[in-house]
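Please read the structure below before turning to the comments.
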Amino acid sequence: MKLFGSESSLLMGKEPVFDFLLEPFFLHGFSASLHLVLLLFLLLLWVPNRVKKAGGEGSKERLRQRRLLWFKTTLTCCFVVSAFNIVMCLLRFFCRNRNSWSQDELVALSDYVVKTLAWGAMCVYLHCQFSNSSEKRKFSFLLRIWWGFYFSISCYCLVIDIVLVKKHISFPVQCLASDVFSVITGLFVCIVGFWGRNEGEITLLDAPLLKGDSNVSNGVDLSKKKGGDSVTPYSNAGIFSILTFSWMGPLLAAGNKKTLDFEDVPQLDTDDSLVGAFPKFRNRLEAADSKGSGVTTLKLVKALFLSAWKDILRTALFAFLYNVASYVGPSLIDTFVQYLNGQRKFKNEGYLLVTAFFVAKLIESISQRRCFFKLQQVGLRLRAVLVAMIYNKGLTLAFQSKQRHTIGEIINFMAVDAERVDEFSWYMHDLWIIALQVALALLLLYKNLGLASIAAFVATVLVMLANIPLGKMLQKFQDKLMESKDQRMTATSEILRNMRILKLQGWEMKFLSKIIGFRNVEEGWLKRFVYTNAMTTFVFWVAPSFVSVATFGACVFLGVPLESGKILSSIATFSILQGAISDLPDTISKIAQTKVSLDRIASFLQLDDLQPDVIEKLPRGSSDTSIEIVDGNFSWDLSSSIATLKDINLKVCQGMRVAVCGTVGSGKSSLLSCILGEVPKISGTLKLCGTKAYVAQLPWIQSGTIEENILFGKEMDRARYDEVLEACTLEKDLKILSFGDQTVIGERGINLSGGQKQRIQIARALYQDADIYLFDDPFSAVDAYTGSHLFKEVLLGILSSKTVIYVTHQVEFLPAADLILVMKDGRIAQAGKYDEILNSGTEFMELVAAHKIALSPLDTVEAGFVSEQSMGEGDGAMESADRKLQKEGNQGNESGKVDDVGPKGQLVQEEEREKGKAGFSIYWKYITTAYGGALVPLILLAQILFQIFQNGSNYWMAWASPVSADVKPPVGSFTLIVVYLALAIASAFSVLARAMLLNTAGYKTATLLFKKMHLCIFRTPMSFFDSTPSGRILNRASTDQSAVDLNIPCQVGEFAFSIIYLVGIIVVMSQVAWQIFIICIPVIATCIWYQQYYISSARELSRLVGVCKAPIIQHFAETISGATTIRSFDQESRFQETNMILTDSYSRPKFHFAGAMEWLCFRLDLLSSITFVFCLFFLISVPEGVIDPAIAGLAVTYGLTLNTLQTWIVLNICGMENQIISVERMLQYSNIPSEPALVIETNRLERSWPFHGEVNILNLQVRYAPHMPLVLQGVTCTIPGGLKTGIVGRTGSGKSTLIQTLFRLVEPAAGQITIDGVNISSIGLHDLRSRLSIIPQDPTMFEGTIRSNLDPLEEYTDQQIWEALDKCQLGDKVRRTERKLDSTVSENGDNWSIGQRQLVCLGRVLLKKSKILVLDEATASVDTATDNLIQTTLREHFSECTVITIAHRITSVLDSDMVLLLSHGLVEEYDSPARLLENKSSSFAQLVAEYIVRSDSSLEKLE
């Protein structure tokens, strides 16, 4: 402020001619007049502009962003000048002569009032000009002239001050400060005026060249320009903007006007994004591990430090500054008390003290805010590089390494451990900061109390030593907590992937109890952890009292005089020391947690990768041999003495078709994996020439559109794309789907049939146009017609010139091969063409014989007709069937379409997030969850008592101690210490009660919320899992649950405690001077306004952080499960890039959330400093003797913590609202609509139901969601009890949907199903599902043992289990294992072949012995011989049961009593096989004819 009319010149000048120039009357009068002219001038400028604006349209924004920045900084400067003059006005008012007003005082006061109004009016004028668009917006010429005049007068006043100082003439210090401030601000506005003039005169010709300089924008611009297209303003912010966090202004302004979306959040700067940070970190890590001995924790820490060492050193400097500055206040308290007591060393000492207090607070605030922001920035960067490192490692893990860590554990590395490293950044410097604070505290105590400070040192050391056992306990409990969490998350991840089979079997509640069991173990360690933390809280809240009692007791013992000033200085020191000591347990805990997390990450990074030298890759086109294996021995487990593949010799020339066949577990899939380089090599050579594509036996489909899955990273070539769709018969499927190839596929292809997933996978491989194609039995998952079409169009058509190796269980596909490999026990038992090996060995003959046996039911049909029909009209029959199915497909599409589906017609929707303020109901539900909220009043009471005892003890020491040595104390030293000790003990018990009650309530709440959410999730319909990626559920079960376990109780508690603490301070300060409320009330109002302004943006940024985390987890889980496919297509780099994009998408809102928080804190610090300075000015202005100096000193002592407390309160409010989002998200999944009742007590059935197994289906209509088309469009039929019914139809016809409806995984939209006259919708789900058995399409095994997989409900004896294993042909294999029934089953059953998993599923139904058995393509993954064994077993043991079979192998349904043929959700044919075959035009007859043609051993007949 200009204070050109400064009181500095008010003191006498000696020369009479110039005397009037130095008189305060002249200077203040001149200043007031000048500002009055300015005020009138601004009014004249502002009013016409207002009128003009009201009458016309606002013009478009055309000025560049840098000009807007000048306006904003000028506006801020004007506001500061106006605020400064308010302070000076108040000082002048309180410092006046109390008896009367002198003429000079009135003129000076008027000067400050007019200056306040003038600069305030300038703020309004600039704001109006700034916010309203104008083509020629620039600073007024007269305004710039006035700024120059203001600067000149300010310099004049400052020169007078300097002259007076040199002449040793005393004058008020505030006058000098005011003039210095005026010169600085005057210089600034002059510079702004000059640049503003130049900016305003930029021509339209030059403007377009500067449009790129738009890194700083206002709120209006930001709403027009998506943040995703711009880089954060932080990257180009100036020093002023960085220090004040003004660069956050545009985003906060946008968030205050509307709900922030992800597009509004700017991109990260290169240094903070993974694109820039990860290469540096990787290079550092490689340099640290130059010897290749593996990544250790130390090397990992070294690489992390070196990748961000500059920022870490900067934060250390800032931390040092704010800690040193924080001790300035306590060191001055004694001097301040003595000043108030009348012991003044020089004139204006009080103002100098106030200035010192303020400057120290300002330095502390600026350095602390910069330190905290940079620490968060570093943490975010380190977390990102660790996530990328973990992801990249997951892409290269060897099979054996992957067995050691489940997907759930690896997800925890990313979701929990990397996050913990991020959180540790807050505590990075705490250890040496605590040491610094203790050292400074002891120096200050020694200055005040002399040798008694030794007692303080001893007491502090004792407190520090108490951390050692507590730290060890915390680390131990943290280790155990993480281990138990890993187990729970692994089980949860596996269960979510297999929820369909759990619901089909009626096992979901059993597996929920398994999750609850894991959680109970976790809760045991959690309870130990939180109560140990409660003890550390107790110890360290008591520690300052313990130290102070020991120190003051030593003073009494040593005879050191206890004066109130020294006591208050010591109490203020203890208060700062309390923060350091109370931070110590958190620091130790975080160090322990972070060490555990880094150890876990390092151990994961040490795992073996795939052997890089398994494959010798030859340049593309350099050889006619595509694949060559010489004397190859390979093993999944190198530690095993038995190799998986033995003595492999194979040479495949370019363009050859090689078929691989063999029984279940013979090594077929392992051979393909070996060619892909997935199986570790023991010996031999493997050469590969050309690019490769791979189609896995179990389809791996990404979340995303069908088009994205087919393109798989390649550019769109429409001609090739259409050709691939036609070859894979996907065109008809896409026509049925409402969004065609833009249909979003659910997680793991959940909304596609097995055949559709397989055909999309084949299409993906075809589109890549590779040289070598590897097919792992993809035709088993599709029906006979589609399989025949795929074989002809793909293998014999598009890929006719490519090298193809295909595994198949279908003998009919073997004659087309140039080379057939028959696998047995990991060896190539036979190799050659079909005719060559047919009679050369027993293995292939057994397969062919089994195939003939499977075809034997056709002998009962008039084979001549079928043969003639199929051979003479082979292609015509297929074309006829194709035309018929196409016609029905179109009909089905028309009848099934829903009108105006819109974007919400997609099955998988974008994750829902709450918007706006978290309602009070969320808080209420949280605090009343445990014991109905009964503990809340007790917690608050304990905190209130603690605050009373704390404040009381300090008040007692201030009141009962003499101000100086020559004053008689009110009480004796012994009484002083005894009362203080009693109050300290009372506060200790209060804080102990508070800590124990708070942790009890938090623990109980976390337990109840966990159980409620998981029960709701497990009881929700299957449609929820179809449309919800598991990452969203895992995010709530992992991250949000961790927040509820550990963070939210502390956050809610600290909010209440900080409010109580503030009330306590206000009570103490009001004892000194109620006048401070004059400034406190507007400051508090301003703080609340800032908080409300901030929270609207911070809340949405926090929610965006939560929403953006799930896609990272989901993408990672998909990548791990599909790593083989990704590697086979050489797509690792693309997936790594996607992970980087997703990680940066998570970092963007989190980075700006940190910036928003510091933006708020800085402003709150300034406001609290203004309050504190006002209080100090008031105290030094009060005449001596009016206020007790000791009590005034106590108020100052508390005032020193006011800025920290004020910031603490607002941050607690904001932090609590951000953290409560985790509760909100968990409650969101605790209120999902559930399935119908598991058991309906009023409609229980007899244990022997169903009696006959007759299934009546009446006008059944089914859709998967209200907005989706009908899948079944009116199915009506009766399945007789005790008979075998086969259901056939091409892929996507509704076969599996019908079965899901039978099990009530999907509820009918219309119609009903009855079993033995009982409507299945009228009975409980478990009553229904427990009476039915199913062997599902996808064979599922769970991590555990063979016993737990066959009998998860523990209902059967070992003898019954062995009988079931023998019946399903697995008994001998299990007996050969070391642990028999307790043999280990890894996650997803990965250590068992797919065929063996299917046999285990058969064993389950053999144990269950239900009256109704459903086979959903149950033999698709086994060879023909095994299929025959399964069929024989079923005929033998389920001869009197209703067997419903969905099969793609016609032979599996030929011996059925009835055949139901579905087409696009309608019954096309339903009769016995014989009658259907008699009808030459029936679709079933044509399918059988096609199957016979395909089964013929002559290639010529196929062509």
Side-chain angles (χ1 to χ4, degrees), residues 294 393-406 604 606-617 627-652 658 660-688 692 694 696-698 774 776-777 805 807 821-831 843 1120-1121 1123-1125 1127-1128 1341 1343 1346 1370 1372-1379 1383-1397:
K393 184 68 177 182
L395 262 179
T396 61
L397 274 185
F399 174 80
Q400 196 62 27
S401 298
K402 197 180 291 187
Q403 298 303 304
R404 300 180 194 173
H405 292 285
T406 62
F604 176 69
Q606 285 175 349
L607 293 177
D608 293 334
D609 289 336
L610 290 171
Q611 288 182 358
D613 59 345
V614 172
I615 300 177
E616 182 183 339
K617 292 185 178 180
I627 302 167
E628 184 176 11
I629 306 176
V630 179
D631 297 330
N633 290 279
F634 304 85
S635 177
W636 288 112
D637 184 4
L638 291 175
S639 62
S640 173
S641 58
I642 303 174
T644 307
L645 297 173
K646 300 175 279 289
D647 303 325
I648 303 297
N649 286 281
L650 175 64
K651 184 175 183 179
V652 179
V658 180
V660 183
C661 59
T663 57
V664 171
S666 60
K668 304 181 296 298
S669 296
S670 294
L671 180 62
L672 293 191
S673 297
C674 157
I675 296 171
L676 290 171
E678 298 288 320
V679 187
K681 181 173 65 175
I682 299 174
S683 62
T685 59
L686 167 58
K687 296 179 181 179
L688 201 68
K692 56 190 184 300
Y694 171 63
Q697 187 172 11
L698 286 180
L774 306 175
D776 194 353
D777 197 20
I805 300 181
V807 171
L821 305 178
V822 183
M823 300 296 295
K824 184 176 182 180
D825 297 329
R827 287 186 169 88
I828 299 177
Q830 290 179 266
E843 288 79 9
I1120 298 300
S1121 60
T1124 300
T1125 300
R1127 289 192 292 262
S1128 68
M1341 290 181 74
E1343 187 175 11
I1346 289 292
L1370 279 177
D1372 291 339
K1373 176 172 176 57
V1374 175
R1375 286 188 182 92
R1376 287 197 299 269
T1377 61
E1378 184 178 344
R1379 300 175 61 187
S1383 296
T1384 302
V1385 176
S1386 63
E1387 188 180 23
N1388 299 322
D1390 285 341
N1391 56 337
W1392 293 73
S1393 74
I1394 295 173
Q1396 290 167 337
R1397 291 181 229 169

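Positions are given from 1 along the sequence.
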- Note on the structure: Sequence neighbours excluded, the answer for side chain to side chain donor-acceptor pair (under 3.5 Å) partners of S1383 is T1377
- Please list, chain by chain and in numerical order, all residues satisfying side chain to side chain donor-acceptor pair (under 3.5 Å) with N633, sequence neighbours excluded. S683
Please list, chain by chain and in numerical order, all residues satisfying salt bridge (charged side-chain N to carboxylate O under 4.0 Å, His left out) with [X], sequence neighbours excluded.
X: K393; answer: D609
X: D647; answer: R827
X: D631; answer: none

- Task: Applying side-chain contact (heavy atoms from CB on, under 4.5 Å), name anything that partners E616, two or more places apart in sequence or on another chain.
- Result: L618, K687
- Message: Among residues at least two apart in sequence or on other chains, which ones pass side-chain contact (heavy atoms from CB on, under 4.5 Å) with T685?
- Response: V630
For [X] and [Y], which heavy atoms make the closest approach, and how far apart are they?
X: V614; Y: K681; value: O-NZ, 3.6 Å
X: P680; Y: Q611; value: CB-NE2, 3.7 Å
X: I648; Y: G826; value: CD1-O, 3.8 Å

- Task: Might you work through the side-chain contact (heavy atoms from CB on, under 4.5 Å) test for R1397 and L698, ending with a clear yes or no?
- Result: CA-CA 12 Å; R1397 291 181 229 169; L698 286 180; 3.8 Å; yes
- Query: Restricting to pairs with a member in residues 633-642, which pass salt bridge (Lys or Arg N to Asp or Glu O under 4.0 Å), not counting sequence neighbours?
  - Reply: none
- Item | Residue pair I629, F634: steps toward the side-chain contact (heavy atoms from CB on, under 4.5 Å) verdict | CA-CA 11 Å; I629 306 176; F634 304 85; 4.2 Å; yes
Which atom pairs, one a donor and one an acceptor, fall under 3.5 Å between side chains of residues 669-678 and the rest of the protein, sequence neighbours left out?
residue	atom	partner	partner atom	Å
S669	OG	D776	OD1	3.1
S669	OG	D776	OD2	2.8
S670	OG	W636	NE1	3.1
S673	OG	S669	O	3.1
E678	OE1	R1127	NH2	2.5
E678	OE2	R1127	NE	2.9
E678	OE2	R1127	NH2	3.3

